[in-house]
Structure formats: C-alpha cells, structure tokens
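Below, chain A is the first sequence line, B the second, and so on; all start at residue 1. What you see is a predicted model, and the numbers here were worked out from it, not measured in a lab.
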2 protein chains.
Amino acid sequence: MSIKKIAELAGVSIGTVDRVLHGRGRVSEETKEKIEKIALEINYKPNLMASSLSKKRKATVAILIPDPAEDEYWQQAWTGIESLLTKAEKQGLEIKNYFYSLDNQNLFNHFAKQIILEKPDGLILAPNHPESCSNLLNECAKVSIPAILFDNQLPGFNQLAFIGTDLRQSGILCAQLLEMITHRPGSFALFHIDSPSSKTHDMIEKELGFKEFLESNQSNRLVQNFAIDTQQDLEIQLDAAFQHDIAACLVSTSKTWLVAEYLQKRNRRDVKLIGFDLISKNIELLRGGWIDFLINQNPERQARKSLNRFINYFAFGETIQEKEYLPIEIITKGNLISV
Amino acid sequence: MSIKKIAELAGVSIGTVDRVLHGRGRVSEETKEKIEKIALEINYKPNLMASSLSKKRKATVAILIPDPAEDEYWQQAWTGIESLLTKAEKQGLEIKNYFYSLDNQNLFNHFAKQIILEKPDGLILAPNHPESCSNLLNECAKVSIPAILFDNQLPGFNQLAFIGTDLRQSGILCAQLLEMITHRPGSFALFHIDSPSSKTHDMIEKELGFKEFLESNQSNRLVQNFAIDTQQDLEIQLDAAFQHDIAACLVSTSKTWLVAEYLQKRNRRDVKLIGFDLISKNIELLRGGWIDFLINQNPERQARKSLNRFINYFAFGETIQEKEYLPIEIITKGNLISV
DNA sequence: TTAAGTTGCGTTAACGTTAACGCGAATATA
DNA sequence: TATATTCGCGTTAACGTTAACGCAACTTAA
C-alpha cells in the first residue's frame, strides 16, 4: 500500500501519483510538489515486483564478446554470463548475445550496427578491436544506452563503467613474486607473446608495472624484453632469448604455457616462470611445476559481475558504479584446486 | 499467462492448477497427473514477481554470528551481510540478526533458544561454541529450518550446507609458499596463538595440511610447534621459540601480527612469515614487509554468499547446495590494494 | 463563433499468483 | 432417512504498479 497511501495523503488518485513519480507530465505544478513532498516524507520505495509485473516490456541487454568457442579465456567469460542467465530472465531481463571473432573486425562492425538498430537497454562489451569499439560506444552514448566494459579498458573512455583487474598492478605483483622466489642471480625476461607480435594495451600496462616495481625497489635485476611471434618458429626465438642468463620469466599473456613447455623440453628447472590466466594448458604446467604462479584475471567473475550490475540496475534500481577493480588473484599449485 | 495457460490446456480452473502446483490437495489424482504432465510439457516456470507480490508473508532469515563490534574479522563478515540487506528486503526477506560474544556461551544459548521459538525460515550460522551450535542445529533439523554454516565447519555435521575455505588445503598452500620463498636453511615454526591456548578445529586442520605438504614433498625442513598463550608474556614465549634456528613461520590464526611485531622488534629480516586474515594490524605489517603472505579467508564474501543463497532459495526457488569452498586467496604487498 | 487542441485529473483493466471462500455432489455418520 | 463431513472443483479479491482511456474545463486557431 504505497502509491495508494501517497494518493490518499495527497487527496488525489493513484494515477496522478504515478504520473508524478514517473515524470509523465499532465499534472499541475502544485499537486506535483505536494506529491513529491509526501513521497519523500514517507520515504516511498516502489515495489519492484509489482512494477516489473505490471509493465510488460522487458529490458534487453546486449552482450558483445569474442566467440567462446574460439578461445578458452572467453569461454570462461561466457560461463560467467550463463550462470546468471535464468536469474536475469526471472528478473525480467532479456539477454541477447553477439559473439564476434577476435580476428574478424568486420563481424564486429556488423554486430555493432545491428545493436545500434535494435536499441537494447544495456550493453556489455569486451573491448577488442579498439576503433570499432570506440565508435559503438559513441553511438551508445548518443542514444544513452548504458554500457559496461569488462576485461580491458578502452583508452579514451575513462568515464565509462568498467569491471576488470588493475593491469599495472598485476605487473608490479609479478615482479614482487619473482623477486621473492628467485634465489639465484640472473636477469628477468619479459615475454610478450601474440600471433602478430604487437603489444596491446594490457601488455604495455603489465610491462610498465613490472619495471616500476624493480626500479622503485632498487632491484639489481636486468630486464630483458622479448616479443615472440607465434607464427614464427618458437624454439628458435626462445633459444635466442635464453642465450642470456635468465633466472626468471614473466609472460604477459595467457600464452605462458608456450614458455613452460620450452623450459620443460630444455629441462630448465632453474628458471622461474609466472604468467596469466587459468586456461587448461597453463593449469597443466602449473601442476607440473613448470609454471610457478599464474595471475588469474577471472574473466568468469568479471562477466558475471557485469551482468549482475544490469540486473541490479533494472530490477533493483541501483546505479551502475563506474569502475570496479577485482582482486588480483595469485594462483599456485597449493590453491589451484580451490578456484 | 502461465498458470492460466495450463488451466486452459487442462480444461480446469487456475485454482485447481495452483492447488496441484503447491500440493495443497483437494484435487483428484486424475486431474493432478494431467496438470503435472502439461506443466512439464510447456516447461512451466512460475513468475516469482507475481508470486512474491501475491503472498503477503515474508520469509525471515536469522543470522547468528559473533558481535562485529568485538572483532574485526567478524566485522568484515557483517559487512558482507549488510551489503545485501536492502536487496534481500526488496526480495521479500526479513533479516533478524543475533550477535553473540565469543567468550559468552550463555548469550549464544539464549539466542539459540530465542531463534527456535521464533521459527525463522532460514538460519545463517558461524559455528563457534561447538556444543551449543550442535544443539541448535539439531533443533533446526527437527523443525526443518534450513541452516547454512560459514567460516568454520562443525565436526559431525558434514551433510550441512557450508560456505568457507578448505582449511587443510590452506595449510598445504602455506607450506608451499614458505618453501618457495625461504632461501636459507633452518626449520619452520608453526605458531598456534590464542587466548586460552587451545587448538581449535581450524588450527588443527591447517597444521595437518602444513605437515602433509612438507612430508609428501620430502622437504628436509624440521617443523617446530609452538602454542602461544596471549594471556602470558609474549616476548618470553617467542624468545624461547626463536632459540631454535627458525627460517620461516606460519601462524595459524589472525594473530599473525604478534609474531610480525616481535620480528620487527628483534629486527629479524631473515625470518619469513605467513599468516591468516586481512585485519588491519596484519595489513600494516604486510605493508611494512614483516609479513610475507596473508591467506585471506574472506569472511565478507563468505557471509555475503550465505545470505545470497537464501535470497536465491526464497526468491528464485534455487536449491541450497551443500558445500562450497571459496578460493584460497593469497595476499601479498603487490595485490593488497586490489582486495 | 466554432472546431480542435491542451491541461489536469480520475478510472480501470491488466500483469501472474495466492489463498480464502463457496458450492454441488458424493460419502459417512447418526 | 436426515444430517455432517469430505471431495473436487470454480470463483474471486487481493498484492502494488503501469498505462491506456475518458472527460470535463479551459485555451488556441481559423
């Protein structure tokens, strides 16, 4: 009995109260103020069950992420979404997912256009293809569709809602861990591994953090930088890298297992290794002792949180907070089974 | 249009359908089966908004935990509950909290009786005072009030819903981490610190895990066991312990900072230290470099998850799954700010 | 001056579910 | 045989909100 109570107290009908509460006009300034005052006084909280029951329209949320089938990392992200799917539906949300390919910008653009046309009430976005992404986000801003980024931030969109890890800090952490576990002298190697060996935003951030730690802690470790191209012969590239006296390595991507396998092949138990992401290849080599630590960016949790924000937004009227940095999870043999 | 649709298809009224769906009897076996069949066929999912709107009764959940004001750890747990409070209310739950004192079993028993009398629809429980707890849980079982334990498991109640960390595995992890970071020879010290120095369930589990790792990895480290009583003079006790050649310590409780402060006082930078819980004293000494790692049992998340289960149970009809072990979080300087 | 539009409200039928109530028919009890 | 009770079902008023509709009274445009 709430809108009814306001109506009663104000001496008007519930229709009028509803119109004021939703700013649908057609109410005199006088009654409007009276109603607003009463609503404030009795601390009116709309009953969201009744509300979502009454309005037939469902809020739709578009989810634009890389195809889970293509990549284990994104599969984990999708798992996070999936786990909330039925709950989201029960809360009156409709989820529409668009899976793009990491190496097919056209498909991304196609989906972007489609999304703009279909005008969803919210958008969850994993921003690869930076330029296309920027365009899409600008379009969304124009028609004021709220968007949540996750996994990666997009330079130039600092005001946007974001859920992910602090990449710079991840780099710092990696350096600290390597310092802790590396007993013998020798330099630190920093591997950027990608198919066309180009540094993406996250790699750069991790590198900066890594070096920042070593400098500010007056480490006497030398840092050797290597860009590895997976389309070239790996062994040759890694052999060349290990010409140097390397005591420990950081791999800035989920391709950590490539270095681990190399160390295993060359039986280099004396080299410490730290990398990113809990994909199965990495897990296997962490178990085997060829990787010492993995930093888990937890795409599943990131994606789940993103969708959950929209649920809270549409179903509970909560505001979408801007940035949320998830804890940087350190995974090693001893806590692997617990994740 | 769902109950209505079933009614239509079955050629009965919605009242009859409702009676079948809720097992309230007064329906012939024949119609009952027909309706159940149709409900299954069209994959009927009740609209929970309408449901909770229609039924006036609120489900109440009792929360029985140590007084947050008394202890920082439990304060964190309470924070987790608080963060879900408004959401829980909007979903039609009523939360009643009972704060007991860790050293006042009478108060606990008093609350336990009160809870049994008030017959809540659910109970969230942090099981200290084991015997009293067992009694309460037995009473709850009798009148079939679902209960969720968190933080600590209760021996003898293995079938119950539980949310927390795997304590044994935590011990294993601690051993692994100490092995990784301890460069010099010397033995490992294991400190159990409590006011009346008695080993509780969690301490024992952690100790078992710790030793298990060292044994199964053929470590040549000697483990020295110390029970520290906080009511006695600490320095004397710790001085005595450090008569031995100790290279690293594990403290099985949140009192880790006591050892850290001791190390600081004696300026023993050569001793590694690992302990439990992100309470402010520990955080401070982790920052200062006197603690190397903290294992975060994340009471906030545990408590939040517990309440969330009840929300999902009452509002979304999900089942309360039995056990859920949360990831064992490794915290060190480098990822401290991210938690 | 008249038709058309606007303003400021009240009324009401949904939305899907719940649960109390009613009622005829069958069955049981006296 | 008359009276209760039970069975098996239909009807209906909520729950709080939404939004379409209607309708006087008043204003504007032609």
Exercise. Kindly state which residues belonging to residues 25-50 of chain B come within less than 4.0 angstrom of DNA chain D, counting heavy atoms of the residue only, listed by number.
Key: B:Arg26, B:Val27, B:Ser28, B:Thr31
Quiz item: Are any of B:His22's side-chain N or O atoms less than 4.0 Å away from OP1 or OP2 of C:dA19?
Solution: no
Exercise. Ignoring hydrogens and angles, state whether a donor on the side chain of A:Asp67 or A:Ser101 is under 3.5 Å from an acceptor on the partner side chain.
Key: no
Quiz item: What residues, two or more places apart in sequence or in another chain, satisfy ring pair (Phe, Tyr, Trp, His ring centres under 6.0 Å) together with B:Tyr98?
Solution: B:Phe111
Quiz item: Taking five pairs at each end, how big is the angle between the two axes of the helix from C:dT1-D:dA30 to C:dA30-D:dT1, to 10°?
Solution: 40°
Quiz item: Between atom NZ in B:Lys55 and atom C1' in D:dG16, what is the gap in whole Å?
Solution: 17 Å
Exercise. Check the distance between D:dC21's P and A:Arg19's CZ and give it to me in whole angstrom.
Key: 14 Å
Exercise. Might you point out which heavy atoms bring A:Pro120 and A:Ala62 nearest each other, and give the distance in Å?
Key: CG-CB, 3.9 Å
Self-check item: Atom-pair distance (CG on A:Asp18; C1' on C:dC9), nearest Å
Solution: 13 Å
Self-check item: Proximity to the side chain of A:Lys56 - top-ranked nucleotide from C:dC15, D:dG16, D:dT17
Solution: C:dC15
Practice problem: Tell me which of B:Ser51 and A:Thr16 sits closer to the 5' end of DNA chain C, going by the nucleotide each one is nearest to. | Solution: A:Thr16
Self-check item: Selected nucleotide, minimal atom distance to B:Arg24 side chain, candidates D:dT18, C:dC9, C:dA19
Solution: C:dA19
Exercise. Return yes if some donor-acceptor pair links the side-chain N/O of B:Gln302 with the main-chain N/O of B:Asp151 below 3.5 Å, else return no.
Key: yes
Quiz prompt | Partners meeting ring pair (Phe, Tyr, Trp, His ring centres under 6.0 Å) with B:Phe99 (sequence neighbours left out) | solution = B:Trp78
Self-check item: B:Leu85 CG to B:Leu307 CG distance, which is reported to the nearest 0.5 Å
Solution: 7.0 Å
Practice problem: Check whether any side-chain N or O of B:Ser2 sits under 4.0 Å from OP1 or OP2 of C:dG16, and answer yes or no. | Solution: no
Quiz item: Does A:Ser54 make a side-chain N or O approach to OP1 or OP2 of D:dG16 shorter than 4.0 Å?
Solution: no
Quiz item: Counting N and O atoms only, with roles assigned by atom type, does the side chain of B:Lys55 sit under 3.5 Å from a partner on the main chain of B:Leu53, one being a donor and the other an acceptor?
Solution: no
Practice problem: List in chain and number order the residues that pass side-chain hydrogen bond (donor to acceptor under 3.5 Å, both in side chains) with A:Tyr325, two or more places apart in sequence or in another chain; answer none if no residue qualifies. | Solution: A:Gln153
Quiz item: Side chains of A:Gln75 and A:Glu70: donor-acceptor distance under 3.5 Å anywhere?
Solution: no
Exercise. Can you sort out which residues in residues 4-14 of chain A have a heavy atom within less than 4.0 Å of DNA chain D? Ascending by number, please.
Key: A:Lys4, A:Ile14
Practice problem: Establish, yes or no, whether a centroid distance under 6.0 Å links the rings of A:Tyr100 and A:His110. | Solution: no
Quiz item: Can you tell me if OH on A:Tyr73 sees more than 12 non-hydrogen neighbours from other groups inside 6.0 Å?
Solution: yes
